[in-house]
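Shown next, in structure tokens, is the structure this report addresses.
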2 protein chains.
Amino acid sequence: MSSSEKPSRKVTSFDVARLAGVSRAAVSRTFTPNASVSPETREKVVKAAKELGYRVNYLARGLINQRSDFVGIVAAGMDNPFRAMQIEQITKNLVRRNFRPILLPADHGESADHVMDQLLHYSVSGVLVTSDAPPTALCAEFAAAGVPIVLINKADSIPAVDRVVSDNDTAGRLAATTLIETGARHLAVMSAAAISYTARRRQQAFLACCHSLEADVRVIPVKINDYANGFAAAAMLDGVDGVFCINDYMACGLVDGLRQRGVSIPDDVRIVGHDDVPQASWAGYDLTTLRQPCDLQAEQAIDLLLSRMDNPETAERVEVTPVSLVRRSTA
Amino acid sequence: MSSSEKPSRKVTSFDVARLAGVSRAAVSRTFTPNASVSPETREKVVKAAKELGYRVNYLARGLINQRSDFVGIVAAGMDNPFRAMQIEQITKNLVRRNFRPILLPADHGESADHVMDQLLHYSVSGVLVTSDAPPTALCAEFAAAGVPIVLINKADSIPAVDRVVSDNDTAGRLAATTLIETGARHLAVMSAAAISYTARRRQQAFLACCHSLEADVRVIPVKINDYANGFAAAAMLDGVDGVFCINDYMACGLVDGLRQRGVSIPDDVRIVGHDDVPQASWAGYDLTTLRQPCDLQAEQAIDLLLSRMDNPETAERVEVTPVSLVRRSTA
DNA sequence: TCCAATATTGCACACGTGTACAGTTCCACG
DNA sequence: CGTGGAACTGTACACGTGTGCAATATTGGA
């Protein structure tokens, strides 16, 4: 009201110290956990701070602590709903643990280099990579610079770089057995194996399982694992009566493409997807799919980050998260 | 190879200066745009920097420049695909302009306070708010602290707080005329007007247009503008043959709900959505909808941010982005 | 050759904070 | 009352950088 302050300058710990009649160190200690301050000093400081609207400058704190509470998230393909789920889980988890997530979209391959390079200018506490095209060399550089880095669903084994990967082998096997069990005899797997480790791995496991069961199986290659490619692929399914789509995003496209061609699901063609994105449970699709617990993945990835912050010398670790079959109406 | 350096300590401009045989100021100037350095000095510095793997510490730079290149993004309801589009556009635009987006999920109302409060500890260059529940008081506090803040699709007019809003009035009118034009006679609008300014505004415009055309119209209130509520609302449509869904996310639910009840679209019920999310163009829905240009919104929001950074005293401004009708098969 | 104008350089300070160290106060116990 | 210890406080330095200012080197012209 009457306090018509002009906040032209940021208020610093000096101002608070002066107003509270204590040393600046006392102010610092008041806002530092586990520091030694007497109750009355603390009270004076808190009062003065509130009056001035003081907030600790975390950048300055990070400068001296060599640790900034920032965590970089490198993500590509944000049109895929699963990516959105991932990012939501990761950011929420980070914020809950008092980190600040810096979100870096890295779609065009070469831009990932540039974008990740930028991160090295901030003293990020760590980096999470969910991109499909991570520059391996750059990851190694982060590790060399002492920045903990965790890859989610990535291939490359890099010294000192931890990973969280979904159980793709079980996924491929469950997909195959479910399709066969529900009556499919001529199977196929749709994936852009060339550009995605995850797709490659699931495809291999699926094929291996089919072969061991002596089932007829073929590969339907696509360029990108997205809706449009799934939709278009509906035209290339002659004779196939059971398809494993490497992700739900593409599976939705396939379902729509098949329906448009008058193919009945699951009577003519059975479909199993992967990820359990929200759309998979929508009544319009009701996809049978393999759920990937992206909340758990976020949790484990950040745990790995923290653990490596404490002792950076550990050998690289791999956490495998379980998949679970969600039976719906497409298989 | 042979250079078995132990990078235990961060390399600073001192190290570079020593190796290059120049002063530390020369190093700083080399990496500062528009600074005066001779070509040969610059070359020596660049060479030394590359050899040591030196990177400017942006936190320290921000400390002295009073300006970190961080921009906070406060977002809620990330399950809505439109939010994902928004976040993708905003982050890409920010990165392109050499800012670092800090993504803050703020779902549970009171947590928005806490989360935004955290931002004041970093010298963020600005804040973008897309949340449906923005703490007005806190926004004012940011403005008072001299932090530029832009609201996207928000209601409150706050001194020194700029806004980008979609043209909700035109949206409501276009929805009404399109439904009537395609044969609907008993209209309805579905929205959670209580919790969302956007929903309220579109609903008002829709109702006003219906009234002026003397069309029969009613309101179908829902709790949240999401898929599940849209799906459930399919049971409450007796007599209605044209529905304006406040967003596509909910419209998808309504479509699925109606189909499950054997209602034919658009013969029995016409539907117009809003946002033009990816799913609206999926063959399974093929929603007639109102496109909101979220790339343009991101561009304008960041423009406003920059412009207010230069002169903070400007009166608050409002940019209205156009909507365009996308005719598909549901109306 | 000499001078003025310009370009470049280095010194020193500033940004806002955490914390080791030494000094002070206080309390409990012998 | 004396003493040891614990609790607290303040001083001073460190973190890594940008930049004003004065000093110096360079250039151009007469």
Side-chain angles (χ1 to χ4, degrees), chain A residues 7-46 48-49 52-70 118 120-125 145-147, chain B residues 7-46 48-49 52-70 120-125 145-146:
Chain A
S8 55
R9 285 276 292 285
K10 302 275 289 180
V11 4
T12 76
S13 50
F14 278 100
D15 308 321
V16 178
R18 183 168 21 232
L19 178 59
V22 297
S23 80
R24 198 189 55 77
V27 178
S28 175
R29 284 192 255 261
T30 297
F31 295 105
T32 304
N34 309 327
S36 163
V37 212
S38 75
E40 25 323 342
T41 301
R42 154 167 276 125
E43 192 187 359
K44 280 191 292 186
V45 169
V46 168
L52 294 175
Y54 167 74
R55 329 234 173 189
V56 179
N57 185 329
Y58 284 172
L59 297 188
R61 172 183 281 183
L63 193 56
I64 202 153
N65 284 345
Q66 311 273 45
R67 188 200 259 210
S68 74
D69 291 346
F70 287 114
Q118 291 290 323
L120 285 174
H121 290 267
Y122 305 88
S123 309
V124 289
S125 299
V147 179
Chain B
S8 55
R9 284 278 289 283
K10 302 275 291 179
V11 6
T12 77
S13 49
F14 277 100
D15 307 322
V16 178
R18 182 169 21 232
L19 179 58
V22 297
S23 80
R24 197 189 56 76
V27 178
S28 174
R29 284 193 254 262
T30 296
F31 294 106
T32 305
N34 310 325
S36 164
V37 212
S38 75
E40 44 288 8
T41 302
R42 153 166 277 125
E43 192 188 359
K44 280 190 293 185
V45 169
V46 168
L52 294 176
Y54 169 74
R55 328 235 173 188
V56 179
N57 184 329
Y58 284 173
L59 296 188
R61 173 183 280 182
L63 193 56
I64 203 153
N65 283 345
Q66 310 274 45
R67 188 201 259 210
S68 75
D69 292 330
F70 290 113
L120 285 174
H121 290 266
Y122 305 87
S123 310
V124 289
S125 299

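Below, chain A is the first sequence line, B the second, and so on; all start at residue 1.
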How long is the line joining CD1 of Ile64(A) and C1' of dG16(C), in whole Å? 9 Å
Gap between atoms CG and C1', on Asn57(A) and dC15(C) respectively (whole Å): 9 Å
Candidates Val56(A), Asp69(A), Leu59(A) - the one meeting side-chain contact (heavy atoms from CB on, under 4.5 Å) with His121(B): Val56(A)
For nucleotides 24-28 of chain D, which of its nitrogen or oxygen atoms have a protein nitrogen or oxygen under 3.5 Å away, and what is each distance?
none

Check: Tyr122(B) ring centroid to Phe70(B) ring centroid under 6.0 Å: no
Are Val27(B) and Tyr54(B) packed together at the side-chain level, in the sense that at least one heavy-atom pair is separated by less than 4.5 angstrom? yes
Is the phosphate of dG16(C) approached by Gln66(B) (side-chain N or O, under 4.0 Å from OP1 or OP2)? yes
Which part of the nucleic acid, if any, lies within reach of Arg67(B) when heavy atoms closer than 4.0 Å are counted: base, sugar-phosphate only, or nothing? nothing
Taking a pair as Watson-Crick (N1 to N3 plus N6-O4 or O6-N4) or G-U wobble (N1-O2 and O6-N3), both under 3.5 Å, which stems of 3 or more consecutive pairs involve DNA chain C? C:1-30 with D:1-30
Contacts under 3.5 angstrom, residues 32-40 of chain A side chains, donor-acceptor by atom type, not counting sequence neighbours:
residue: Thr32(A); atom: OG1; partner: Ser28(A); partner atom: O; Å: 2.7
residue: Ser38(A); atom: OG; partner: Thr41(A); partner atom: N; Å: 3.3
residue: Ser38(A); atom: OG; partner: Thr41(A); partner atom: OG1; Å: 2.8

Tell me if a side-chain donor or acceptor on Thr30(B) pairs with a main-chain N or O of Arg42(B) at a distance below 3.5 Å. no
Between the main-chain N or O of Gln66(A) and the side-chain N or O of Ser123(A), is there a donor-acceptor pair closer than 3.5 Å? no
DNA chain C contacts made by residues 31-42 of chain A, counting heavy atoms under 4.0 Å: Thr32(A)
Which donor-acceptor pairs under 3.5 Å do side chains of residues 15-25 of chain B form with protein atoms, sequence neighbours excluded?
residue: Asp15(B); atom: OD1; partner: Arg18(B); partner atom: NH2; Å: 3.1
residue: Asp15(B); atom: OD2; partner: Thr12(B); partner atom: N; Å: 2.9
residue: Ser23(B); atom: OG; partner: Ala25(B); partner atom: N; Å: 3.3
residue: Ser23(B); atom: OG; partner: Ala26(B); partner atom: N; Å: 3.3

Going by heavy atoms closer than 4.0 Å, what residues in residues 12-30 of chain B are next to DNA chain D? Thr12(B), Ser13(B), Phe14(B), Arg24(B), Ala25(B), Ser28(B), Arg29(B)
dT17(C) phosphate, OP1 or OP2: any side-chain N/O from Tyr54(A) under 4.0 angstrom? yes
